[in-house]
There are 2 protein chains.
Amino acid sequence: MSLNILERLKSNPSCLSKSERKVAQVILEDPNKAIRSSIASLAKAANVSEPTVNRFCRSLDCTGFPDFKLKLAQCLATGTPYVNRNVEASDNVEEYSSKIFEATMSAISDAKRSIDPNALSRTVDALAQARRIEIYGLGASGSVAMDAQHKFFRMNTPCVAYTDVLQQRMAAAATKPGDVVIIISNTGRTIALVETARIARDSGATVIAITQPHSPLAEDSHILLGVDSPENTDIYTPMTSRIVHLTVIDVLATGVILKHGPEFQSHLKRIKAALADTRFKSAETD
Amino acid sequence: MSLNILERLKSNPSCLSKSERKVAQVILEDPNKAIRSSIASLAKAANVSEPTVNRFCRSLDCTGFPDFKLKLAQCLATGTPYVNRNVEASDNVEEYSSKIFEATMSAISDAKRSIDPNALSRTVDALAQARRIEIYGLGASGSVAMDAQHKFFRMNTPCVAYTDVLQQRMAAAATKPGDVVIIISNTGRTIALVETARIARDSGATVIAITQPHSPLAEDSHILLGVDSPENTDIYTPMTSRIVHLTVIDVLATGVILKHGPEFQSHLKRIKAALADTRFKSAETD
DNA sequence: TGACACCTTGTTGTAAAATTACAATTATAG
DNA sequence: CTATAATTGTAATTTTACAACAAGGTGTCA
């Protein structure tokens, strides 16, 4: 897609030279200002010459500076996220909430780009054929596991989430070939989960990891749904990564439903209908 | 906001003179071409002089022609919903996963625009001063409640999430003034939750709802954090709304931490440090 | 180490674009 | 049919974007 100039600015310094990167930085600091400034003022702000700004635009597949401004403007308008901005102590509500919303969007956008469709496809296949689905997570990923259970139990496949280390180990040991185990971890380094993954593997289950690529857990799983999370100081808890994990869960659930075909949807409707009486007037699942 | 330049062009010939209307017509015929043309070519296409085009722009509250092009471009970008694409049965992995990622981003972007900073601010204040924090949710919102607990328990305030209707009612009845109850619901129409909200109110707790605006739950809460969720057929489970809810939780947690000030962060660090031994090498909380 | 090629960046100059100031035209009211 | 105001166009000015070229680095190989 040609829209995401900002994304490319953020992620792709490789195709840019040193002073072009200076331009990129100035733009990222305040894109809304950038689209209103002339090539001259931008050059001054970045301490480079005007032609450098122009070359910078060309490096990004624009025909020139006006074209770049246009694309950038559209990017901003769609709410296409950018974000280099971290929350600061001096931020007021609007500032930090904007930053968090943007960071979240950005993380999803990154994931969209980097996730392996092939791995997704294989996971959907595995889930659709599974005899049983188990989902393990700890800490913040525990809630994600619970959420996944809430989605998958609607399939006709038995499905449980465990958020307790001991239960996970026992359950993993009890799996058999044909069972699918989804393990969710932000870091992929939690010792307990890695060990559980090995136990599940040894029992013959198909182990799917939603986690950081190149992590121990990623290495020990059959299928990796890699979510790179550069986020987080050592103070805050995972924010964007667990949201990306949930989105991945959505994709998987959707994939499985699609794979089951249209006649399956009446089954889903029946499940939903069971909730009707719990609500005022009419509406949808909680 | 200046979004609706196109709308005004279509509807509002009153503030425009005869030749300015000619300009408007040419632009409306092909807005996408208009944003790429110079004032000269546009003037020629409309058979008017260049300053007329410029005056036309000024009539529309733009500072000049470039500014007009910019606003028009943004208008076109937002108007072009590359986002409102629904998943279809014929979609392959890449298609439906793209759509889900995009829909999620779009929902977050909408929420960012529509959320009330004042309500956020009041919620953060309430949470920071709370004697106790309770979080209630059912179904998919149950996981959100659990996640919120996982975030808030790091504050020095006692914090519990309940995902069981009876426990929620009992807990709500046990609240006192100074306690804060957060109720999370996609629809805001779940009878049990609305009743629980009333019980909590009657007990003197401050009730905060993360839910659909104008819903029964929204009406019955002290502070509404409104999340509009147009999503979902009667088949799929809530996807984007719960993710937006989580993002709102992130904002609240961040707000509370910021309010507590820098000396509080060492407390958070200590909590994180407790996890170090559960991991391979080094990393962050799950 | 020094010479050469190559890449990056800045300087100068020019064409194009946008805008101003002002003149001409058209419409409007008395 | 004037006088006035509003509208539109012309011409000059200013600003902007870009191309051509030159200067300064950087790295490579003899």
d([atom1], [X]; [atom2], [N]) in whole Å:
X	N	atom1	atom2	result
A:R36	D:dT16	CZ	C1'	17 Å
B:N47	D:dG9	CG	C1'	13 Å
B:E20	C:dT26	CD	C1'	15 Å
B:N54	D:dT13	CG	P	18 Å
B:L70	D:dT16	CG	C1'	15 Å
B:F65	D:dA17	CZ	P	13 Å
B:I39	C:dA16	CD1	C1'	12 Å
A:F56	C:dT9	CZ	P	13 Å

query = Quick one: on DNA chain C, does B:P66 or B:R55 contact a more 5' nucleotide (nearest heavy atom)?
reply = B:P66
ask   = Between A:T190 and A:A192, is there a donor-acceptor pair closer than 3.5 Å when you use the side chain of the first and the backbone of the second?
value = no
query = Do the charged groups of B:E20 and B:R55 touch, with an N to O distance under 4.0 Å?
reply = no
message = Salt bridge check, B:D250 against B:K151: does any charged N sit closer than 4.0 Å to a carboxylate O?
response = yes
To the side chain of [X], which of [options] is closest?
X	options	result
B:S38	D:dA17, D:dG9, C:dA18	C:dA18
B:R58	C:dA17, C:dT19, D:dA19	C:dT19
B:P51	D:dC18, D:dT10, C:dA17	D:dT10
B:E50	D:dT10, D:dC18, C:dT19	C:dT19

request  = Classify the side-chain pair A:Q212/A:N186 by whether it contains a donor and acceptor separated by less than 3.5 Å.
outcome  = no
ask   = Just by distance, with hydrogens left out, do A:S49 and A:T52 show a side-chain donor and acceptor under 3.5 Å apart?
value = yes
key: Touch class at under 4.0 angstrom, heavy-atom based, for B:K69 against every strand present   = sugar-phosphate
message = Any base atoms under 4.0 Å from B:V53, or only sugar-phosphate, or nothing? Heavy atoms, all strands.
response = nothing
inquiry  = Is the phosphate of D:dG9 approached by B:T52 (side-chain N or O, under 4.0 Å from OP1 or OP2)?
reply    = yes
